[in-house]
Each structure stands twice: as C-alpha cells, then as structure tokens.
There are 2 protein chains.
Amino acid sequence: MAETARHSETRYGNRPTMKDVAARAGVGLKTVSRVVNSEPGVTPDTERRVQEAIEALGFRRNDSARVLRKGRTASIGLVLEDLADPFYGPLSRAVEEVARAHGALLINGSSAEDPEREQELVLALCARRVDGLIVIPAGDDHRYLEPEIKAGVATVFVDRPAGRIDADMVLSDSFGGAREGVAHLIAHGHRRIGFIGDQPRIHTATERLRGYHAAMADAGMRVEDSWVSLASTDPDRVRAATEQMLAGPEPVTAVFAGNNRVTVTVVRVLAEQERRIALVGFDDIELADLLGITVISQDAAAVGRTAAEHLFRRLDGADHAPARVELPTTLIARGSGELPPA
Amino acid sequence: MAETARHSETRYGNRPTMKDVAARAGVGLKTVSRVVNSEPGVTPDTERRVQEAIEALGFRRNDSARVLRKGRTASIGLVLEDLADPFYGPLSRAVEEVARAHGALLINGSSAEDPEREQELVLALCARRVDGLIVIPAGDDHRYLEPEIKAGVATVFVDRPAGRIDADMVLSDSFGGAREGVAHLIAHGHRRIGFIGDQPRIHTATERLRGYHAAMADAGMRVEDSWVSLASTDPDRVRAATEQMLAGPEPVTAVFAGNNRVTVTVVRVLAEQERRIALVGFDDIELADLLGITVISQDAAAVGRTAAEHLFRRLDGADHAPARVELPTTLIARGSGELPPA
DNA sequence: TAGGCCCTGGACAACGTTGTCAGCTGAATG
DNA sequence: CATTCAGCTGACAACGTTGTCCAGGGCCTA
C-alpha cells in the first residue's frame with residue numbers, strides 16, 4: 001500500500017481533473033465543464049451533485065488547458081525598467097487596475113535597462129501567449145517583435161518610443177516639460193544652468209536634454225559643455241557631476257535634474273552646499289512638497305492607464321494605424337526652482 | 001484574394017506550430033521539438049534546416065501547451081497589498097530577481113487590502129497553476145488555500161502571518177521594532193507619546209501597537225486612550241488623529257507612526273506645528289535622511305529575497321515543517337526621534 | 001561480408017480542457 | 001395515440017506540446 005501511495009505521489013501536482021469530478025458525480029465530462037463555466041442547460045439537481053464533487057475533491061480548473069483550447073490567456077505582460085523605482089509603482093498599479101477591469105492578470109518583469117534582458121523577457125511573455133504587452137523599452141531596436149505583433153499580440157510602448165518598428169506609444173512630453181522647467185529657472189534670473197541627465201541612449205534623456213537646449217536658445221543664452229552631464233543615474237556619478245558643476249570659477253547657479261533618481265541625489269548634494277542653488281527636477285517625488293522641491297510632474301498613473309486602455313481597445317478589435325499619444329507635464333513650484341541666483 | 005486574406009485573418013493568433021515548422025523543414029514533428037529544446041540527437045544539417053524554418057515562419061513555442069504536458073509553469077504568483085506602495089517595490093523586485101535566477105516569471109496583483117480580492121487573485125493564480133505563491137495576506141483566514149497547498153503549490157506568507165493555516169512565513173519583527181522605537185523616544189525624555197497605526201485587523205498594526213504598549217509598560221508609564229489611533233492609513237484620518245493628539249490640554253510630545261504611509265502624513269502635519277514634536281516612524285522612506293526622520297527600518301528587499309528563496313527551496317523538494325522566519329529591524333536615528341519634549 | 005550496435009528521425013499517445021454534434025427523455029400537441 | 005420538439009446529457013475530436021517507443025541506416029568489428 002505504501003508502494004501504491006508513493007507511486008501516485010511521485011507525479012507532482014496530482015490534482016483532480018474534470019474527469020475525476022465527472023466520475024465522482026456520476027455524470028459526463030462535458031457536464032462538469034458546463035457547471036464550471038456556468039453554461040446553461042444543466043438541471044439544478046445535476047449541478048448540485050457536480051458542485052459537491054468539486055468541493056469534495058478540491059477541484060480547480062486548469063487554465064493552461066483552457067488557454068490551449070481557447071486561444072486567449074486573459075493575461076498581459078508588463079516589462080518595465082525596475083519594479084523598485086518609485087516612478088513605476090503607480091504605473092504598474094494603474095495598468096493592473098485596467099487589466100483587472102478586463103478580467104486579465106498581469107505578468108511583469110524588470111529589464112534593468114538591459115536591452116538583451118528586455119528581449120528575453122518579452123519573448124518569454126510571448127511564449128506564454130499573453131494577449132498583450134506593455135513595454136517600457138530598454139533597447140532601441142524592437143524589430144524582434146514584428147512577428148509577434150503580426151501574430152496578434154497587441155503591444156503598446158510606454159514612456160519611450162519603440163525602435164525601428166511602427167507601434168502604439170504613450171509618452172510624456174519630455175521635451176516640453178524640460179523646456180518649461182529650464183525656462184522657469186531662466187525666468188528667475190539664472191544664466192548658468194546645469195543639466196544632469198541619464199545616458200543619451202535613453203530616449204527620454206535625450207528629449208529632456210533637447211528641451212534644456214531649446215529653453216536656453218530661446219533665451220539667447222550660451223551653454224557650456226561643463227554644465228551638461230549625461231553620465232547615468234548612478235548616485236556616485238551624479239554626485240561627482242554635480243559637485244564639478246558647482247566647483248569651477250564660473251559655477252552654475254541652478255540645476256535641472258533629468259529624472260527622479262537624479263533629483264534625489266542632487267538634492268542631497270545641494271543640501272551640503274553653503275550657497276543656495278536652485279533646482280528643478282523632472283518627475284515628482286514623494287515628500288517633495290516638504291523639501292520644497294520644484295518639479296516637472298508627469299502623471300505615471302495616467303500614463304499607465306492610458307496605455308492599458310489603449311491595449312484593451314486593440315484587443316477588442318480596434319485596428320487603426322499605430323497611434324502616438326503624448327501626455328502633458330505640469331510644473332509644480334515649491335520653492336527650489338524659485339530661488340534667485342546665488 | 002482579399003477574401004482569402006480576410007478569411008485566414010479571421011482566426012485570432014494564427015501562429016505557426018511545430019507541425020508547420022516540421023512541414024516546411026521536411027522533418028518530423030518531434031525533431032522540431034528536439035531542436036527547440038536543444039535536445040541531443042539531431043544532425044547539424046537537420047538542425048540548420050529546422051532553424052531556418054523557425055526563422056522564416058516566426059515560430060515561437062507555445063508555453064501553454066508545454067505547461068499542460070510538463071506540469072510545471074515556471075512562474076510564481078505574488079499577491080501584495082498595493083504595487084504602488086513604495087514599501088512593496090523593492091520587495092517585488094527582490095522576489096523577481098530570485099525568480100529570474102530560477103528561470104521563473106512573476107505574476108503579481110494587488111489585493112488592495114481586501115480579503116475577497118486576495119482570495120480571488122490567489123485562486124486565479126492557482127488556476128494558472130503557478131508553481132508557487134508569495135502572499136502578503138489581506139484576510140485572516142486562509143483555509144481556502146489548503147487544497148492548493150496539498151496539491152503542491154508551494155506557499156510563503158510574507159509581512160503578516162497566515163490565518164488558520166499552517167504555512168511558511170517571513171515576517172519583520174514588528175513588535176520588537178516598535179518597542180525599540182518607542183523606548184528610544186522615552187529615553188529622550190518623552191512621557192506623553194502618541195501611536196498612530198493601521199487598522200487592528202492587520203496583524204503588523206496590532207504587533208506594533210503591542211510593542212508600543214510594551215515599551216511604555218517597561219518604563220512604567222501610563223497610556224491614555226486618546227494617544228492611540230488605529231483608524232487607517234488614509235491621509236485625512238491620520239491628519240485628524242494627529243491634530244487631535246496635539247490639541248488637548250495634555251498634548252503628546254512625541255509620535256510613533258505605525259508605517260510609511262502614516263509617517264508621511266504625520267510629517268506633513270508636524271511641519272505645520274509651531275512646537276517641535278518628536279517622531280519615529282516604522283519603515284524607512286526615501287529622502288528621510290534629508291528630512292531628518294528617525295525610523296525603524298525593515299529591509300523590504302531582504303524580506304522578499306528570503307521569502308522567494310524559501311519558496312524555491314520548497315519547490316526543490318524541501319519538506320520540513322512550515323517555518324516562521326522573523327527578520328530584525330534597525331533603528332536609524334536622524335534627528336526627529338532625538339528631539340526633547342517641547 | 002555479415003552481424004550487431006549506435007545514432008538519427010518519426011509515429012503516436014497523452015496532458016486537461018472546450019466546441020460540436022448526436023442521442024435520449026419527457027412533455028406538449030394534433 | 002403518434003409525432004414533434006425542447007431541453008439535458010455525453011461521446012469525441014481538437015488545441016500544441018513532449019515522452020515513449022520503434023524503424024531504418026550507417027559504421028564498426030569479427
């Protein structure tokens with residue numbers, strides 16, 4: 001007896017199937033399926049017997065098999081850069097809420113800003129046959145997605161545009177936001193303004209830099225090379241870049257920070273300075289109101305919601321040409337951006 | 001021709017299968033399978049032909065079918081309270097990293113602190129046959145998970161204990177942490193200390209309250225009912241509770257905040273006060289160093305990592321009795337907790 | 001050169017579910 | 001009383017993959 005028991009336990013996850021339920025309830029397989037899916041055409045009495053059998057066996061429908069049969073998985077994939085980044089929390093959550101409203105689950109992963117890892121993740125999600133994908137691109141070539149999209153995987157790119165492929169996108173107005181932020185500093189009297197951003201291969205970083213240059217040019221102001229840092233968001237490098245800008249014979253009197261992570265580090269560095277340096281950051285930050293940090297705010301939740309709604313509209317059959325939505329940003333003045341030149 | 005095209009497009013996701021690849025490469029079905037899975041026993045020449053066919057057709061293995069056949073999905077479910085909460089970002093990320101190291105994907109969802117929604121989510125994940133589950137419980141009765149666990153779904157509860165069921169858990173030392181934090185305030189001369197926490201049905205909230213009472217009792221100090229608020233983390237209610245404690249004839253001189261969301265609101269309220277009120281918060285917060293907020297820090301990433309590693313050890317066959325791991329907390333003094341009574 | 005062995009490739013069943021279709025029962029109608 | 005019809009129910013195939021098993025061919029050895 002131990003033998004038979006061990007033998008049957010060998011197989012992992014020896015879960016009851018509809019067949020088992022049918023046998024126990026003394027009905028046909030298809031009748032169980034009908035009950036499980038609340039399809040019409042089952043006598044209350046039969047239904048009760050089936051329900052009891054389900055209860056007794058602890059049966060739970062195997063969605064893998066169901067998916068195989070039905071074609072749709074009722075799940076969407078979300079590939080972002082770093083789940084731990086506070087910017088992506090609200091975005092994920094917004095996507096999740098929309099997915100939930102459509103009865104879909106969310107599978108997500110972080111690319112860690114690595115194009116290869118992005119592709120690996122995306123393809124793994126495609127292999128699972130997610131119905132749709134929301135991708136915050138790490139790489140700049142997404143041709144590998146062409147067969148997938150052609151095969152019916154609805155795809156929306158978020159925050160940064162897709163590379164070498166025509167697809168739906170939902171972006172924030174990085175250029176306009178940065179331009180407004182820098183113009184704000186100029187309006188408060190600054191002439192020497194530093195820009196600390198992310199690596200130029202990241203589209204938003206480039207756009208924000210472009211906004212910086214545009215604002216400076218609009219005001220007829222020159223830009224020194226030493227005022228611009230495009231190293232990365234690594235705290236040590238941001239710190240070094242900031243300190244360097246503040247050190248020379250003609251130090252900057254204001255800094256524009258290219259994203260939330262940069263802002264955080266810059267705030268730390270500025271707090272150590274004697275002079276009061278003006279600061280505007282891209283992306284809002286928790287508690288920024290208490291710290292009096294002026295920011296260009298993009299609504300991460302709105303971005304996520306918009307992208308997800310777009311995705312489900314596609315899944316519901318919308319087949320217009322790929323659209324590019326650009327959401328506006330808002331300048332929130334809290335003090336740090338209104339400081340005069342030191 | 002438009003007709004035939006439309007006709008073939010009617011079926012959604014008309015993707016090529018191994019059969020199609022086999023036909024095109026002029027080999028058998030199983031040979032394609034071998035190539036796709038890098039199994040031995042295929043001539044280089046045959047392999048090349050198959051690879052070409054795969055390329056040409058844009059074939060991608062259907063993991064749903066694979067799962068059905070193999071039994072394991074190589075995915076784990078993570079049910080937390082709110083993806084947007086900064087506490088859960090690093091936790092999710094840590095879980096994801098461990099999952100990735102084990103070749104598994106992460107499916108996650110937010111319970112929004114609603115027990116029904118938690119159950120709904122968990123069962124949906126079980127229906128997808130995730131190999132394992134990491135759950136931050138919203139409810140206090142998890143007997144519904146018994147058949148699943150028995151069927152082989154490895155389950156680890158995190159941050160709060162499971163209800164009415166014997167399972168693995170990874171917790172932070174809420175009691176000890178709160179006790180230490182309150183003792184810290186007492187050591188700095190405070191006698192009237194407020195406690196603002198989450199609803200008592202949430203286990204960590206109760207534990208932290210218990211820690212508060214313990215610290216007060218240790219010091220032989222009384223506790224007024226009006227010093228304790230267990231409303232919720234809703235900013236308006238926290239604000240009201242804080243203001244009330246600061247208003248009476250015998251206002252508190254220090255506040256212990258029960259979690260990160262409470263802390264954030266309390267900080268805002270205290271910033272508006274004329275008197276300097278001491279504060280210690282449970283959970284660290286970004287930029288808390290700049291704001292000088294003293295906190296009891298729990299390492300969310302460590303919690304997530306520990307839980308995930310535990311989970312995979314189970315999946316690899318560990319079958320010891322359910323374990324309960326409790327991770328220590330750290331007090332980080334930054335100023336707000338060291339203020340003397342006003 | 002014959003015998004046997006290894007290596008490669010393919011036919012077939014099975015995983016658990018759902019869609020199709022046909023059979024059966026009992027009631028209503030002419 | 002015969003006939004039709006509706007409402008239940010179940011047998012069977014199919015979804016796309018992998019595991020098992022067997023066949024055929026080339027190569028080595030005696």
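Chain letters run A, B, ... following the sequence lines, proteins first and then strands; every chain starts at 1. These values consider heavy atoms only, across backbone and side chains, with no hydrogens, waters or symmetry-generated copies.
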Peer 1: Apply ring pair (Phe, Tyr, Trp, His ring centres under 6.0 Å) to A:F157 and list each qualifying residue two or more places apart in sequence or on a separate chain.
Peer 2: A:H142
Peer 1: At how many degrees, to 10°, do the end axes of the helix from C:dT1-D:dA30 to C:dG30-D:dC1 meet when each uses five pairs?
Peer 2: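 Inter-axis angle at the ends, rounded: 50°.
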Peer 1: We want to know whether B:E81 and B:S110 form a side-chain donor-acceptor pair, criterion being a heavy-atom distance below 3.5 angstrom.
Peer 2: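 Looking only at side-chain atoms, B:S110 and B:E81 do not form any donor-acceptor pair under 3.5 Å.
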Peer 1: Only pairs at least two apart or in different chains count here, so list each salt bridge (Lys or Arg N to Asp or Glu O under 4.0 Å) that has a residue in residues 105-116 of chain A.
Peer 2: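 Passing the test, one end in residues 105-116 of chain A: A:E113-A:R160.
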Peer 1: With sequence neighbours excluded, give me every salt bridge (Lys or Arg N to Asp or Glu O under 4.0 Å) pair touching residues 26-38 of chain B.
Peer 2: none
Peer 1: Rounding to an integer number of Å, can you tell me how far B:R72 CZ sits from D:dT18 C1'?
Peer 2: 17 Å
Peer 1: Can you name the residues that form a side-chain hydrogen bond (donor to acceptor under 3.5 Å, both in side chains) with A:D141, not counting sequence neighbours?
Peer 2: A:R143
Peer 1: In whole Å, what is the span from the CZ atom of A:R69 to the P atom of C:dT17?
Peer 2: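 Between P of C:dT17 and CZ of A:R69: 13 Å.
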Peer 1: Can you list everything that forms a salt bridge (charged side-chain N to carboxylate O under 4.0 Å, His left out) with A:E120? Sequence neighbours excluded, please.
Peer 2: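 Testing A:E120 for salt bridge (charged side-chain N to carboxylate O under 4.0 Å, His left out), a comparison that skips the adjacent residues, returns B:R100.
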Peer 1: Taking salt bridge (charged side-chain N to carboxylate O under 4.0 Å, His left out) as the test, write out the residues that go with B:D319, two or more places apart.
Peer 2: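 By the salt bridge (charged side-chain N to carboxylate O under 4.0 Å, His left out) rule, B:D319 matches no residue at all.
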Peer 1: Do any of residues 53-68 of chain B sit with a heavy atom less than 4.0 Å from DNA chain C, and if so which?
Peer 2: B:L68
Peer 1: Between C1' on C:dT17 and CZ on B:R129, what's the gap in Å once rounded to a whole number?
Peer 2: 11 Å
Peer 1: Taking only heavy atoms on the protein side, list every residue of residues 28-44 of chain B lying under 4.0 Å from any atom of DNA chain C, sorted numerically.
Peer 2: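 Within this stretch, B:G28, B:K30, B:T31, B:R34, B:G41, B:V42, B:T43 sit under 4.0 Å of the strand.
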Peer 1: Determine: side-chain N/O of A:T46 to OP1/OP2 of D:dT9, distance under 4.0 Å, yes or no.
Peer 2: yes
Peer 1: Send over the distance from A:K19 NZ to C:dC15 P, rounded to a whole Å.
Peer 2: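 Nearest whole value for this atom pair: 6 Å.
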Peer 1: From CD of B:E47 over to P of C:dG9, roughly how many Å is that when rounded to an integer?
Peer 2: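 Nearest whole value for this atom pair: 10 Å.
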Peer 1: What integer distance in Å separates A:M18:CE from D:dA14:P?
Peer 2: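 Atom-to-atom, A:M18 to D:dA14, this comes out as 20 Å.
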Peer 1: Take atom CG of B:D45 and atom P of C:dT8, then tell me their distance rounded to the nearest Å.
Peer 2: 12 Å
Peer 1: Could I get the full list of side-chain hydrogen bond (donor to acceptor under 3.5 Å, both in side chains) partners for B:H310, not counting sequence neighbours?
Peer 2: B:D168
Peer 1: Could you pull out all residues at least two apart from B:R66 that satisfy salt bridge (charged side-chain N to carboxylate O under 4.0 Å, His left out)?
Peer 2: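 Applying salt bridge (charged side-chain N to carboxylate O under 4.0 Å, His left out) to B:R66 gives none.
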Peer 1: Counting only heavy atoms from other residues, nucleotides and ligands, does the tally under 6.0 Å from CD of A:E52 exceed 12?
Peer 2: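 Above 12, so yes.
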Peer 1: Going by ring pair (Phe, Tyr, Trp, His ring centres under 6.0 Å), name the residues that satisfy it together with A:F312, two or more places apart in sequence or in a different chain.
Peer 2: A:H102
